[in-house]
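Written below as structure tokens is the structure these notes are about.
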Amino acid sequence: MTQANPPFPHLFSPLRVGHVALPNRILMGSMHTGLEDRRRDYQKLAVYFAERAQNGVGLIVTGGIAPNIAGWVAPFAGKLNSRWEVGRHKLVTDAVHQHDSRICMQILHAGRYSYSPLAVAPSAIQAPISPFSPRELSASGVEKQIRAFVRCAQLAREAGYDGVEIMGSEGYLINQFLVEHTNHRTDEWGGSFYGRMRFALEIVERTRAAVGDDFMLIFRLSMLDLVHEGGEWSEIVELGQALEKSGIDLINTGIGWHEARIPTIATSVPPGAFSWVTAKLKPHVSVPLVTTNRINTPQVAESILEQGHADMVSMARPLLADAAFVAKAQAGDDAKINTCIGCNQACLDHVFRKKRATCLVNPRACHETELNYTPTDVAKKIAVVGAGPAGLACSTVLAERGHDVTLYDAANRIGGQFNMARRIPGKADFEHTLRYFKERIADTAVNLKLETVATVESLNHEGYDEIVLATGVSPRTPDIDGIDHAKAISYYDVLMNDVEVGQSVAIIGAGGIGFDVAEFLAHDHDSDAYSIPAFLSEWGIDPQLNERAGLARARPPKPERELFLLQRRDERLGKNLGKTTGWIHRVSLKNRAVHMLQGVSYERIDDDGLHIRQGGALQVLNVDNVVICAGQEPNRKLADELSQSGVSIHLIGGADVATELDAKRAINQGSRLAATL
Ligand code: FAD
Ligand code: NAP
Ligand code: SF4
């Protein structure tokens, strides 16, 4: 029976792409997981995709697969250029087709982004993000690369893929041919735009001729390069139209090169921030268009489609975060979706460190064959103390497996430190995780006791079979003369208790929390700082696309306060922040004129402010307040008391180890313990 008012009607309307009728408008976008790189991991990759296919994704695109060794993103990364590699890909395509879904393979030639001495490019121009200088391709070398693309597509067809996505964006080889930034050639593959786009068009035309009409061809077109001497809008329109004539079935949107110094997918990018770019191309082509970047809820996706910005939406990380995203949205259970919070901590940061990707909010992602929450044979009565990320993950997995679980928290709401994180400008999405866990607690029938401090007596009285302590951390109070002065306040008081903070502030400690507190204090909380127009203006993106590559003068907002961010170590501040997001935090604070001081020692806090020594010289920061963000200590009071009374416990999250604790470790540890009890 069809529903009278189906949820998300645009998202769940069918779409014809080439010869294929897709059931909905959701494309699982290409995302490298690390599983593509080794033959032995293809079974895991197959199960990972199959879970998403089973839950209704209309079309999947794999992570990038190189067409030859020169195109590798790094040595021994996934490639497909010989028949003996076809078998492993068949595992993937068979698994997806069992669930009536479709899968295309992305062909990605890294060009000068290849982390390898074998890198090739249109011109020998080294990328700022690579230590390797590429070799300039000769005319026959160019020909060889085109033939490699075509052969790769033919092999993909043999492997059972429904099509291929040709990666023409993000600054990879095809994109490098397209723009003057990286193409200084004067032969027929360079010079005018006609010459620069020839490489892309030859690949598409010859691939179409080789694979026939009943094979989907998608092109990922860089619509906003965001690098100096990138593409002009008129060129992008011209290329879009030429691609259509050359036999492309679907054009996907690419935003920003990897070397661009503008955030494009981090948490601080407003949801749906770039769909307007795809919308600008719509009147110029008739093939369907896919839009992308920071689309993480069905509501955002639906609104983009409803406004007519695109025909399809691409989501990659949201489907890592929740394999059942599509099925839940279609059933109207969108509140139960485990939403991607755009942190990059377990996906992109892992991939850039050559670790298998997973997800901060879903440790099963890419570990589907290894981490499973199977029903328990012996139902136990279990207490979990602390409803921060570690306790939430642990209690809900335990209850899902059939245990009788009681979850205690002293606070009046779940979330622990996430209640502070969600207040940081650009981290509002952390609230989604708390909404998700609220739903999970209800669904799994965890007995939640808020405003309840668990004690040795109360726990012993209940006679639990197992006790898990997820009691988190306490802010560290550093031993500084005058730490009790009225000017000194902890980050907890600023973020949880709304203690008033003056106009000039010194922040002691430049870890993740010090940076976040600086962001919090640097923003005017009454403004619409995170509206899409404000984001574009702050980072210098021209919404009219009058300027090349969409670049405009960045106009960061006027700082709200004078801020000093300090650390004792004599190294660049923020060095240990996330690989793919740390630079964004640094630039954002620089834009707000935050003074960053390294190698300082703290002498005292008094009526004059904070006295510090830097490079041997004494100075006084005449500030209204000193906010202490000097790390954290495990909160083990209850653990010690229980151990002393002879009760055995399990410690997880910050209560276990506070150093370098983050929510990724807390959720992973809680989930893995719960899978075994
Ligand atoms: P906590 O979140 O500290 O939760 C412990 C809970 O235990 C609390 O709710 C407390 O009330 C309860 N409790 C303690 N004792 C008892 C008792 N006896 N009885 C009942 N309840 C008790 N991490 C990231 O990965 N990425 C980020 O971007 C990020 N941003 C952050 C931003 C800020 C401003 C802050 C403060 C933290 C941020 N973190 C981030 C860190 C992350 O929030 C923590 O790593 C995570 O919350 C730790 O989880 P936990 O469950 O171990 O402990
Ligand atoms: P942290 O990263 O360990 O940083 C603590 C800071 O305090 C450091 O700058 C340290 O630098 C300083 N410090 C330590 N002991 C001190 C002392 N006795 N006196 C003065 N300064 C001292 O811890 P955090 O900032 O509290 O963050 C906690 C955890 O939350 C982190 O591990 C982080 O992973 C997570 N988090 C992550 C994010 C994110 O965006 N990914 C954001 C927020 C929090 P010096 O010793 O050099 O002075
Ligand atoms: Fe999203 Fe963070 Fe998970 Fe990556 S790790 S998929 S950004 S929630």
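Whatever order the structure lists them in is the order used to number ligands and atoms, beginning at 1. Note that the coordinates shown come from a computational prediction; the quantities given were computed from them, not determined experimentally.
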Open item on the list: So is Ala470 touching ligand 1 or not, going by heavy atoms under 4.0 Å?
Closed with: yes
Task: Short side-chain to backbone donor-acceptor contact, Arg52 and Met28, under 3.5 Å - done: no
Task: For atom 20 (C) of ligand 1, closest protein heavy-atom neighbour - done: Ala410 N, 3.2 Å
TODO: State whether the shortest distance between N or O atoms of Gly654 and N or O atoms of ligand 1 falls below 3.5 angstrom.
DONE: yes
Task: Closest approach of any protein heavy atom to atom 18 (N) of ligand 1, naming residue and atom - done: Ala454 O, 3.3 Å
- [ ] Could you tell me whether Pro478 and ligand 2 have an N or O pair separated by under 3.5 Å?
- [x] no
Task: Closest protein heavy atom to atom 34 (O) of ligand 2, given as residue, atom name and distance to 0.1 Å - done: Leu661 O, 3.2 Å
Open item on the list: Heavy atoms only: which of Glu519, Arg665, Arg569 lies closest to atom 47 (O) of ligand 2?
Closed with: Arg569
- [ ] Note the single closest protein heavy atom to atom 53 (O) of ligand 1, along with its residue, its atom name and the distance in Å.
- [x] Gly472 CA, 3.4 Å
TODO: Number the atoms of ligand 1 from 1 as they appear, then name those within less than 4.0 Å of a heavy atom of Phe430, with their elements.
DONE: 27 (C), 28 (O)
Task: Ion pair check, Lys427 and Glu519, cut-off under 4.0 Å - done: no
Open item on the list: Within the 4.0 Å heavy-atom shell around Ala666, which atoms of ligand 1 are there?
Closed with: 49 (O)
Task: Exam field: side chain Arg294 to backbone Val269, donor-acceptor pair closer than 3.5 Å - done: yes
- [ ] Return yes if some donor-acceptor pair links the side-chain N/O of Thr471 with the main-chain N/O of Asn635 below 3.5 Å, else return no.
- [x] yes
Open item on the list: Regarding atom 42 (C) of ligand 2: of the candidates Lys427, Gln598, Gln632, which has the closest heavy atom?
Closed with: Lys427
Task: Enumerated ligand 1 atoms positioned under 4.0 Å from heavy atoms of Val453 - done: 18 (N), 19 (N)
Open item on the list: Quick check on Asn497: does its CG atom have over 12 non-hydrogen neighbours (other residues, nucleotides or ligands) under 6.0 Å away?
Closed with: yes
Open item on the list: Ignoring waters, how many N, O or S atoms from the protein are under 2.8 Å from atom 4 (Fe) of ligand 3?
Closed with: 1
Task: Check ion pair Glu538-Arg592 (N to O, under 4.0 angstrom) - done: yes
Task: From the candidates Leu459, Leu392, Asp409, the one that places a heavy atom nearest atom 10 (C) of ligand 1 - done: Asp409
TODO: Consider every N or O of Ile508 and every N or O of ligand 2, then say whether any pair is closer than 3.5 Å.
DONE: no
Task: Atoms of ligand 1, numbered as shown, that sit under 4.0 Å from any heavy atom of Ala390 - done: 51 (O), 52 (O)
Task: Leu566 and Leu610: CA distance, side-chain angles, deciding distance, side chain to side chain contact (heavy atoms under 4.5 Å, CB included) verdict - done: CA-CA 11 Å; Leu566 314 169; Leu610 176 65; 3.4 Å; yes
Open item on the list: With a 3.5 Å distance limit and no angle check, can you tell me whether Asp656 reaches the backbone of Gly653 through a side-chain donor-acceptor pair?
Closed with: no
- [ ] Number the atoms of ligand 1 from 1 as they appear, then name those within less than 4.0 Å of a heavy atom of Phe418, with their elements.
- [x] 43 (O)
Task: For Gly386, atoms of ligand 1 separated by under 4.0 Å from a heavy atom - done: 6 (C), 7 (O), 12 (C)
TODO: Can you pull out the closest protein heavy atom to atom 15 (N) of ligand 1? Residue, atom name and distance to 0.1 Å, please.
DONE: Thr471 CG2, 3.4 Å
Open item on the list: I'd like to know if Cys343 contacts ligand 1, where contact means a heavy-atom distance under 4.0 Å to any ligand atom.
Closed with: no
Task: Option with minimal heavy-atom separation from atom 1 (P) of ligand 1, where the choices are Glu519, Gln417, Gln345 - done: Gln417
TODO: For the pair His485 (side chain) and Lys487 (backbone), establish whether a donor and an acceptor sit closer than 3.5 Å, ignoring hydrogens and angles.
DONE: yes
Open item on the list: Would Lys637 count as a contact residue for ligand 1, given that I'm defining contact as a non-hydrogen atom of the residue lying under 4.0 Å from a ligand atom?
Closed with: no
Open item on the list: Would the distance check show the side chain of His350 and the main-chain N or O of Arg356 forming a donor-acceptor pair, the cut-off being under 3.5 Å?
Closed with: yes
Task: atom 38 (C) of ligand 1 - nearest protein heavy atom and its distance - done: Ala421 CB, 4.2 Å
TODO: Just need the protein heavy atom nearest to atom 30 (N) of ligand 1, so name the residue and atom and give the distance.
DONE: Lys427 NZ, 3.0 Å
Task: ligand 2 to Asp662 polar contact by distance, N or O atoms, under 3.5 Å - done: no
- [ ] First locate atom NE2 of His650, then atom CD of Glu466, and finally report the distance between them rounded to the nearest 0.5 Å.
- [x] 4.0 Å
TODO: Mark yes or no for whether Asp409, through its side chain, and Ala387, through its backbone, hold a donor-acceptor pair below 3.5 Å.
DONE: yes
TODO: Can you pull out the closest protein heavy atom to atom 34 (C) of ligand 1? Residue, atom name and distance to 0.1 Å, please.
DONE: Leu495 CD1, 3.6 Å
- [ ] State if Ala510 counts as touching ligand 2 under the rule of any non-hydrogen atom under 4.0 Å.
- [x] yes
Open item on the list: How far is atom 47 (O) of ligand 1 from the closest protein heavy atom, and which atom is that?
Closed with: Pro389 CD, 3.2 Å
Task: Polar proximity ligand 1 side, Ala663 side, N/O cut 3.5 Å exclusive - done: yes
- [ ] Evaluate the criterion side chain to side chain contact (heavy atoms under 4.5 Å, CB included) for residue pair Asp334 and Thr297; output intermediate values, then yes/no.
- [x] CA-CA 8 Å; Asp334 42 295; Thr297 64; over 6 Å; no
TODO: Nearest heavy atom to atom 36 (C) of ligand 1 wins, so pick from Val456, Ile341, Ile513.
DONE: Ile513
Open item on the list: Can you report which non-hydrogen protein atom sits closest to atom 43 (C) of ligand 2, along with the distance?
Closed with: Gly512 C, 3.2 Å
Open item on the list: Angle between ring planes, Phe430 versus Phe418, binned at 30° and 60°: parallel, tilted or perpendicular?
Closed with: tilted
Open item on the list: Can you name the atoms of ligand 2, numbered from 1 with element, that are less than 4.0 Å from a heavy atom of Asp516?
Closed with: 42 (C), 43 (C)
Task: Atom indices of ligand 2 within 4.0 angstrom of Tyr602 heavy atoms, with elements - done: 20 (C)
Open item on the list: Taking distance alone, with N or O pairs closer than 3.5 Å, would you say Gln567 contacts ligand 2?
Closed with: no
Open item on the list: Testing the basics here: between Ala518 and Leu565, what is the closest heavy-atom pair and its distance to 0.1 Å?
Closed with: CB-CD2, 4.5 Å
Task: Contacting atoms of ligand 2, where contact means under 4.0 angstrom from a heavy atom of Cys629 - done: 5 (C), 6 (C), 7 (O)
Task: Within-shell test, Tyr492 vs ligand 1, heavy atom, strictly < 4.0 Å - done: no
Task: Element-labelled atoms of ligand 1 that are located less than 4.0 Å from some non-hydrogen atom of Gly653 - done: 52 (O)
Open item on the list: Regarding Glu439 and Arg435, does a basic nitrogen lie under 4.0 Å from an acidic carboxylate oxygen?
Closed with: no
Task: Arg440 CZ to Thr396 OG1 distance, which is reported to the nearest 0.5 Å - done: 4.0 Å
Open item on the list: If the threshold is 4.0 Å, N to carboxylate O, is there a salt bridge linking Asp349 and Lys664?
Closed with: no
Open item on the list: Could you tell me, atom by atom, which parts of ligand 1 come under 4.0 Å of a heavy atom of Thr452?
Closed with: 19 (N), 20 (C)
Task: Ligand-residue contact atoms, ligand 2 with Gly509, heavy atoms, under 4.0 Å - done: 6 (C), 7 (O), 9 (O), 12 (C)
Task: Proximity to ligand 1 by part of Leu360, non-hydrogen separation under 4.0 Å - done: side chain
TODO: May I ask you to check if ligand 1 and Val385 share an N or O to N or O distance below 3.5 Å?
DONE: no
